[in-house]
Amino acid sequence: MAYQKLQVGTGIPVIPSDTIDIPAVSGPAVDSTQTSVPPLGTVLVDTTQDFTSIVGLVGSTVVTNGGIARVASITSATALVLDASITDTGGTVLTYQIYVGATNPGCVLYVGNTGNLRVLTSSNADLTFVGIPAGSFVPVQVKRVFATNTTATDIIALW
């Protein structure tokens with residue numbers, strides 16, 4: 001009997017968004033912690049970074065434990081303005097990653113908790129999988145998990 005063998009090398013937690021794709025697997029250009037107030041919102045301040053030295057930063061994806069946004073502008077070497085307010089479920093200190101550059105070519109998903117899953121596939125099909133069981137793999141090349149109509153949780157993108 002034939003069976004599907006799924007082997008992956010890396011993955012990241014998925015934050016569903018109606019407008020932002022899952023970041024590319026190439027990894028974050030910045031993996032840090034915000035060092036100054038305000039701790040949450042549309043301004044990200046990190047005095048340990050030189051944002052002006054990162055090529056292609058504007059338009060890049062910023063991911064936290066509880067939010068996802070894009071870099072709208074660089075206001076100084078240590079401050080960014082984001083296109084949406086971000087939060088962090090880990091507390092008042094904002095741990096974040098910034099993904100710069102390559103787009104996500106498509107990934108498979110692991111769904112930790114039961115629910116519906118609305119995705120944008122690598123061929124730009126908008127599909128909703130109804131009643132995905134907990135602990136399931138979705139062997140479809142996915143670029144985005146939509147927040148609207150997705151009730152499944154604990155989703156991991158795998159490459």
Side-chain angles (χ1 to χ4, degrees), residues 1-34 38-44 46 56-73 80-159:
M1 181 160 122
Y3 66 94
Q4 179 178 2
K5 187 173 184 181
L6 179 63
Q7 295 179 326
V8 298
T10 190
I12 60 171
V14 172
I15 298 174
S17 170
D18 290 338
T19 58
I20 302 174
D21 290 348
I22 298 167
V25 69
S26 57
V30 178
D31 189 352
S32 190
T33 302
Q34 181 172 339
L40 308 172
T42 59
V43 176
L44 189 149
D46 187 343
L57 192 58
V58 173
S60 296
T61 303
V62 178
V63 176
T64 70
N65 239 358
I68 189 166
R70 289 192 186 103
V71 176
S73 63
L80 300 175
V81 174
L82 307 176
D83 69 352
S85 182
I86 57 173
T87 59
D88 185 31
T89 58
T92 57
V93 175
L94 181 69
T95 300
Y96 68 93
Q97 296 80 38
I98 301 176
Y99 294 86
V100 178
T103 58
N104 173 12
C107 58
V108 297
L109 300 176
Y110 169 81
V111 177
N113 287 305
T114 302
N116 297 342
L117 182 68
R118 181 176 168 216
V119 301
L120 182 67
T121 69
S122 60
S123 63
N124 293 319
D126 183 337
L127 302 174
T128 300
F129 297 92
V130 177
I132 299 285
S136 294
F137 288 92
V138 180
V140 175
Q141 292 296 304
V142 173
K143 294 191 312 186
R144 179 183 309 156
V145 174
F146 290 96
T148 302
N149 297 328
T150 293
T151 58
T153 58
D154 296 326
I155 303 166
I156 300 174
L158 302 166
W159 291 268

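Please read these numbers as outputs of a predicted model, since none were measured by experiment.
Applying the salt bridge (charged side-chain N to carboxylate O under 4.0 Å, His left out) test to every pair with at least one member in residues 126-155, sequence neighbours left out, gives these pairs: Asp21-Arg144, Arg118-Asp126.
Thr150 places a side-chain heavy atom less than 4.5 Å from the side chain of Ile155. You'll find the side chain of Val111 stays beyond 4.5 Å of the side chain of Phe129, heavy atoms only. Side-chain contact between Val62 and Ile68 is absent, with no heavy atoms from C-beta onward closer than 4.5 Å. Counting heavy atoms from C-beta on, the side chains of Leu80 and Ile98 come closer than 4.5 Å. Tyr96 places a side-chain heavy atom less than 4.5 Å from the side chain of Ser32. Within the 4.5 Å cutoff, side-chain heavy atoms of Trp159 are placed close to those of Ile22.
In this structure a side-chain-to-backbone donor-acceptor pair under 3.5 Å is missing from Ser60 to Val71.
Of all non-hydrogen atoms in Asn104 and Val142, the two that sit nearest each other are ND2-O, 3.4 Å. The minimum heavy-atom distance linking Pro23 with Thr61 is given by the pair CG-CG2, 4.0 Å. Residues Ala29 and Val100 share a closest heavy-atom pair of CB-CG2, 3.7 Å. When all heavy atoms are compared, the tightest approach of Tyr99 to Ile12 is OH-CG2, 3.8 Å. The minimum heavy-atom distance linking Gly106 with Ser122 is given by the pair CA-CB, 4.5 Å.
Inspection of the Asn149 and Thr128 side chains reveals no N or O donor paired with an N or O acceptor under 3.5 Å.
With rounding to the nearest 0.5 angstrom, the CZ atom of Phe137 is 12.5 Å from the CD1 atom of Ile132. Distance check: Thr33 OG1 to Asp31 CG gives 8.0 Å after rounding to the nearest 0.5 Å. Going from atom CD of Gln141 over to atom SG of Cys107 covers 7.0 Å, rounded to the nearest 0.5 Å. For the atom pair OG of Ser136 and CG of Leu109, the computed distance is 11.0 Å after rounding to the nearest 0.5 Å.
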Quiz prompt | Stepwise side-chain contact (heavy atoms from CB on, under 4.5 Å) check, Leu82 with Val43 | solution = CA-CA 6 Å; Leu82 307 176; Val43 176; over 6 Å; no
